[in-house]
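Everything below concerns the one structure shown next.
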Amino acid sequence: MNESVISIRGLSKTFGTNRVLDHFDLVLHRGENLAVLGKSGSGKSVLIKCIIGLIRPDEGNIEVLGQNMLNLNREELDDIRVKIGFLFQSNALYDSMTVRDNLEFPLRRHSFRLAPAEVNHMVMEALRNVGLEHAVDMMPAELSGGMRKRIALARTLILKPEIILYDEPTTGLDPITSLEIINLINAIRGKFGTSSLIITHDLKCVKLTADRIAMLIDGHCHVTGDFEGLRSSSDERISPFFS
Amino acid sequence: MPGLSKWNAVMIISKNSGVFLQEIGELSRFAARFWREWLRPRYEFREFIRQCFVIGYKSLPLTGLTAFIMGLVLTMQLHPSMIYYGVESLIPSMVGIAIVREVGPVLTALIFAGKIGSSIGAELGSMKVTEQIDAMEVSGTNPFKYLVVTRTAASMVMLPILVIISDSISLYGSYLGNNIYERTTFILFFRQVFDSLVVADIIPAVIKTFFFGFAVGIIGCFKGYFTDKGTEGVGRAANSAVVVSSVMIFILDLVVVQITDLMNLYD
Amino acid sequence: MQNQAFNTVKLGIFVLTGLFLLILSLYILGKNRNLFGVGFELKTHFEEVNGLVTGNNVRYAGIDVGSVTGVDILNDTVIEVAMSIDRKMRDIIRRNAVAALGTDGLVGNRVVNISPGKGEAPFAVSGDQLASRKEVSTENMLQTLSRTNENIAVITAELREVVHRINTSAQLSELLNDRTMSADLKASAENLRRATAKASDLMSQASGTLSLAYEGEGALATLLTDTALAGDLRVAVQKISEVEESADRLVLHIDEAAKMVNENLQYGQGPANALLRDSLLTYRLHTTLENVEKGTAAFSENMEALKQNFLFRRYFRKLEKAKKKETESR
């Protein structure tokens, strides 16, 4: 049961003179919720974007579902991306499209041949998963921040991915809304059995969602462990996160 | 310390020219990528049509109005001088040549740069900072094709059409302007306009608008696509898209005029 | 989706409008330059073409009928100009038509003017070569005008002298103004009339005598019955009658002449004055002089305008400077 879906070895990325990632290693197992905890600007977002292939690392290896992400051509990359959901920090809803079009976008783009009725059914189902069926014909600008996050999550879910990458899912939300999102994250795992990589610096989110926590400090994986274990750690570089 | 300040100036200039050259290089690579990708499947045809509508059709009222006023004013301004030399009957020919060869294409392209360049820059810029471009990428879409190719191709195809229609509106404005001073029939006016024109006036003028359209589209996309530093960057992207593409229009115009001059087309 | 379809329609209208306008203008221009019409080709040779280029218009009797398709140098003095002519003109242009170079307005484009030739000739067909006429250039025109000017100046000077001499010549004016002449003429006419009347009397008397002689006898009768004598006499009588007739005609002419002289004396001051008073002649002379004056004025105005013209301004300034320098150096 310890099959790894994502395994990262020696990942390095430098922007200018700033070495954001320095031989970073990480393994995500099937079905687990792994939180990556780090300071703002510590390269968490860079890490997650390297995984999905948005940023090309300087060196290192990324294997997702048994495929080396760095050696894939565009079509193969698209094929593997269907299996990876990505929840953007800023939601990345297309402003010019309705919620329906936003959700249909990945369906249409990934060259599936789907009947319109089928597409509609999938859109409504995804919206039902996040409890926002009524918002189907609204524009993103008309939605509140929490609703947008849920719509973005619905768009991620519509392709039924095996892995979901959450980029700061609770940042910028009020405590109640973030709790709703945290509950959704857990519900999705329960329902679809997805493996999740959650990038965050929100302790509550980490505590409620993560089975395992990786500490990203100074560009590499400082330590991994569960929440309680890390909280009781005496490492002076870890304890500030839990105070 | 004059020596130091001089050294500083040199530093600033070399640094700025370095940035400038780097930008030119990046823009060239971006443009080259457009040509590499635009013929490869898959074709974002629906988005292209949508962009044609937004970029072309919706710009018509603005460019049409400015073209009309330009034709009218050009005629009214020319009239006293032409009267002075007793050649007011040459006004249609002069205005015709001026509009078709130069004023129509360049003025329309500048208005187009102001409207479309800024909107593309701002749209792509805000998409960039809100990660929409990344979202497209992970949704199995090549954002370069979906956003850049469609917009650049649309502005490349639409600007010539806008220019042709604006030229016609401009000439009509000129006809009305001419009628303020003397009665000319519509047919006589346009006969005189066309008598002074040759095919070699229209074809290079239309061809250069393709380049203008390409410049506006690609620069707007480039500025938007590489926006950073959040919302402030979006404004800067829109602004510099207009500035750079306007300057580019004049540079291209100069180049095209030089080339057509060398080709000796206007005989 | 409905909205999208509607937008597509609008876009389609927009694009088609643009393409339509482009094609329309190209078509109009093409028609102007005979790009699309299949014409037939005529050729002509000129000594020089003064800047004629491919694409210039060809006119027949002032109407655009085609365009120049080629200007080639055949040898050092012959330049061949090929023209594409509207097919409709095949039944108009004859083989003896003449081509000449011209200008569209004073400073416009060069054109080839084809004008019909004199006499009958078959219609021109493709490839025919038309005769050419040397053009009347503005320069030549001005040269001729200047020569004409000089001639007119000489003529007017001479004319003035002639008139002056006529007016001052005493004998001539005396002769012309003499009122007694008509009186003399009248008198001579009167004399003639009287003479003929007398002749007529004589004739009637003679005829009476003759009849008497026929009827009577005696010496006269015998004399008269002598046929030879009678023949002679008849001829004599005939001659007298002829004299009478011509005298009549003469009287008529003299009468007329007298009348004319009379009239002249009444309404004018002699024929010399009348010559000068010929209103048509004087008017013509006057207008000619006026035209010459106008021509020179317009020419100088043109020159002035040219000088003001920004294109030539530099050239003229240069000219002025050179002149100034010259005077200074002197």
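- A distance of 7.5 Å separates OG in B/Ser139 from CG in A/Leu159, rounded to the nearest 0.5 Å.
- When side chains are defined from C-beta on, A/Leu54 counts as touching B/Val138, because their heavy atoms get closer than 4.5 Å.
- Listed by first and then second residue, the salt bridge (Lys or Arg N to Asp or Glu O under 4.0 Å) pairs that reach into residues 66-76 of chain A are A/Arg74-B/Glu137, sequence neighbours excluded.
- Contact annotation for A/Leu93: only backbone heavy atoms (N, CA, C, O) come within less than 4.5 Å of a heavy atom of chain B.
- Near-neighbour residues of residues 108-131 of chain B relative to chain A, defined by a heavy atom under 4.5 Å from a heavy atom of that chain, comprise B/Met127, B/Val129, B/Thr130, B/Glu131.
- Other residues, nucleotides and ligands contribute over 12 non-hydrogen atoms within 6.0 Å of the OH atom of A/Tyr94.
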Please output the side-chain donor-acceptor pairs of residues 53-63 of chain B that fall under 3.5 Å, not counting sequence neighbours, one pair per line with the distance.
unit_1  : atom_1 : unit_2  : atom_2 : d
B/Ser59 : OG     : B/Ile55 : O      : 2.6
B/Thr63 : OG1    : B/Ser59 : O      : 3.1
B/Thr63 : OG1    : B/Leu60 : O      : 3.3

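- Taking CD1 from A/Ile55 and CG from B/Asp134, the interatomic distance works out to 7.5 Å, rounded to the nearest 0.5 Å.
- B/Gln132 is not listed as a side-chain neighbour of A/Phe88, based on a closest heavy-atom distance of 4.5 Å or more.
- The 12-atom threshold is not exceeded at CZ of B/Phe250, counting heavy atoms of other residues, nucleotides or ligands nearer than 6.0 Å.
- Enclosure of atom CZ in B/Phe226 by more than 12 non-hydrogen atoms of other residues, nucleotides or ligands within 6.0 angstrom is indicated.
- Taking OG1 of B/Thr141 as the start and CG of A/Asp78 as the end, the distance is 7.5 Å to the nearest 0.5 Å.
- Remark: A/Ser45 engages A/Gln89, A/Asp167 in a side chain to side chain contact (heavy atoms under 4.5 Å, CB included) (not counting sequence neighbours).
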